[in-house]
Amino acid sequence: MLATIGKTSITYDEKNVKIMGIVNLSPESFYRNSIKLKENEIQDTVIEMENSGVDIIDVGGMSTAPYLNTLIPADVEQKRLFEAISAIRQISDIPISVDTMRSSVVRGLLNLDINAINDVTGLKYDKKMPKLAFENNLPVIICSYASETEQYSIFGDIHDTLSLIGSSIRIAQAFNIKTENLIIDPSIGFFRNTGNNPFYSRIKGLDWYVRDMEIISNFQKLKFLRMPICVSISRKSFLKSLFNLDAEERLIPSIIAEMHCAINGASLLRTHNVKETRQALDMMELLYKNK
């Protein structure tokens, strides 16, 4: 199975893992070092990521961390993204994924040569998003997400995660989105017992950080869907619950968890730590070449 973002191939093959670098435009984002608000900061960050071996840039204009109250109007989100992507396009043709679940925001960016949509709600929040993705032949990262009608019966374990991704795949198929335009994501950090925005999945009977560890530990089971897999672990708050680490202290466990996922089927690692993730992947490749 193969997906393409820009000219970058994302294959169903853990031996060809790509790196997606995170650029956050929201002042409220949980990891302060990822926040870039000025044009020169954004451009310098993208250049640094390219020099470090990034394959794709994921740009987000609104934090969707479940525990934050960061909902902003769509026009504010679009303005942030438009200015940032315009700045990136002045200096780079790097493939760009837009981290949003709002079709109106994507529509306002279509003239900027965007290459993919990263929808944390798996095409379920905005009913216009699937049609927009189909009409513009945009690949979609479909994250595991429980809609309002699905949230009363889930625990968030690996079986629920697969089932929820499956329902998003069916939505994509109903709108004739090509299978090769789909990448799946198990939504680390987005299954919670409580939250402050509509972009998380409410679970019961399982602590959220235990859920995240179960998904990572059983990552190879996501290969059942036979699609490229994106995973975003970098500096996520389950590491705080496990090790009592602030975001600035979570690099080492982040990298170890990313490499575990790479070994077990991940195709795309979404990370704040491009340089370190690239070094880890390169080292792992050398080790496996000499087995």
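These figures come from a predicted structure and were not determined experimentally. All values below were derived from every heavy atom in this structure, side-chain atoms included, with hydrogens, water molecules and symmetry-related copies excluded.
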Report the distance from atom [atom1] of [X] to atom [atom2] of [Y], rounding to the nearest 0.5 Å.
X	Y	atom1	atom2	result
Met284	Ile255	CE	CD1	11.0 Å
Leu132	Leu138	CG	CG	7.0 Å
Trp208	Arg202	CH2	CZ	15.0 Å
Glu41	Asp44	CD	CG	8.0 Å
Ile57	Ile19	CD1	CD1	10.5 Å
Ile91	Glu39	CD1	CD	9.5 Å

Met20 vs Leu269, side-chain contact (heavy atoms from CB on, under 4.5 Å): CA-CA, chis, key distance, verdict: CA-CA 6 Å; Met20 172 182 277; Leu269 302 177; over 6 Å; no
Listed partners of [X] passing salt bridge (charged side-chain N to carboxylate O under 4.0 Å, His left out), at least two apart:
X	answer
Arg278	Asp55
Lys221	none
Asp58	Arg270

Any donor-acceptor pair under 3.5 Å linking the side-chain atoms of [Y] with those of [X]?
X	Y	answer
Ser147	Glu150	yes
Glu258	Ser234	no
Thr271	Arg235	no
Asp126	Ser103	yes
Thr121	Asp119	yes
Lys124	Ser167	yes

Taking the side chain as C-beta and beyond, is there a heavy-atom pair between [X] and [Y] under 4.5 Å?
X	Y	value
Val98	Ile117	no
Lys178	Asn137	yes
Ser92	Glu50	yes
Ile47	Met49	no
Leu25	Leu81	yes
Leu268	Ile229	no
Arg211	Thr161	yes
Asn115	Thr4	no

Tell me the closest heavy-atom pair linking [X] and [Y], and the distance in Å.
X	Y	result
Ala266	Val231	CB-CG1, 4.2 Å
Ile188	Ile216	CD1-CG1, 3.9 Å
Leu109	Gln78	CD2-O, 4.1 Å
Phe191	Gly156	CD2-CA, 3.7 Å
Ala3	Ile183	CB-CG1, 3.8 Å
Pro186	Cys230	CD-O, 3.2 Å

Without swapping roles, check the side chain of [X] against the backbone of [Y] for a donor-acceptor pair under 3.5 Å.
X	Y	answer
Asn197	Ala65	yes
Asp246	Glu248	no
Ser168	Gly122	yes
Asn218	Glu214	yes

Return yes when atom [atom1] of [X] has more than 12 non-hydrogen atoms of other residues, nucleotides or ligands closer than 6.0 Å, and no otherwise.
X	atom1	value
Glu249	CD	yes
Asn176	CG	yes
Glu148	CD	no
Lys240	NZ	yes

Using side-chain contact (heavy atoms from CB on, under 4.5 Å), reason through Leu251 and Asn273 one step at a time and then give a plain yes or no. CA-CA 8 Å; Leu251 174 61; Asn273 319 303; 3.5 Å; yes
Within 45° of the axis and under 6.0 Å from the centre of the six-membered ring of Tyr200, does NZ or CZ of Arg192 qualify?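 No cation-pi geometry.
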Share the residues that join Ile256 in a hydrophobic cluster, the rule being Ile, Leu, Val, Met, Phe, Trp or Tyr side chains under 4.5 Å apart at the heavy-atom level.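 Cluster partners of Ile256: Ile252.
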Using 4.0 Å as the upper bound for N to carboxylate O, is an ion pair formed by Asp113 and Arg89?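 Salt bridge between Arg89 and Asp113, a charged N being under 4.0 Å from a carboxylate O: yes.
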Could you list the residues that satisfy ring pair (Phe, Tyr, Trp, His ring centres under 6.0 Å) with Phe199, not counting sequence neighbours?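 Tyr125.
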Could you give me the CA-CA distance, side-chain angles and deciding distance for Ser237 and Arg250, then say whether side chain to side chain donor-acceptor pair (under 3.5 Å) is met? CA-CA 9 Å; Ser237 56; Arg250 300 172 195 165; 5.5 Å; no
Apply side-chain contact (heavy atoms from CB on, under 4.5 Å) to Ile56 and Ile94, showing your working. CA-CA 6 Å; Ile56 301 161; Ile94 188 82; 5.8 Å; no
Derivation and outcome, side-chain contact (heavy atoms from CB on, under 4.5 Å), residues Glu77 and Thr100: CA-CA 9 Å; Glu77 182 187 8; Thr100 185; 2.8 Å; yes
Give every residue pair that meets the ring pair (Phe, Tyr, Trp, His ring centres under 6.0 Å) criterion with at least one member in residues 209-248, sequence neighbours excluded.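 For residues 209-248: none.
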Does Ile184 belong to the same Ile/Leu/Val/Met/Phe/Trp/Tyr cluster as Tyr145, with side-chain heavy atoms less than 4.5 Å apart forming each link?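 No: no chain of side-chain contacts under 4.5 Å links Ile184 to Tyr145.
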With a 4.5 Å cut-off on side-chain heavy-atom distances among I, L, V, M, F, W and Y, is there a chain of contacts connecting Phe190 to Phe155?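 Different clusters.
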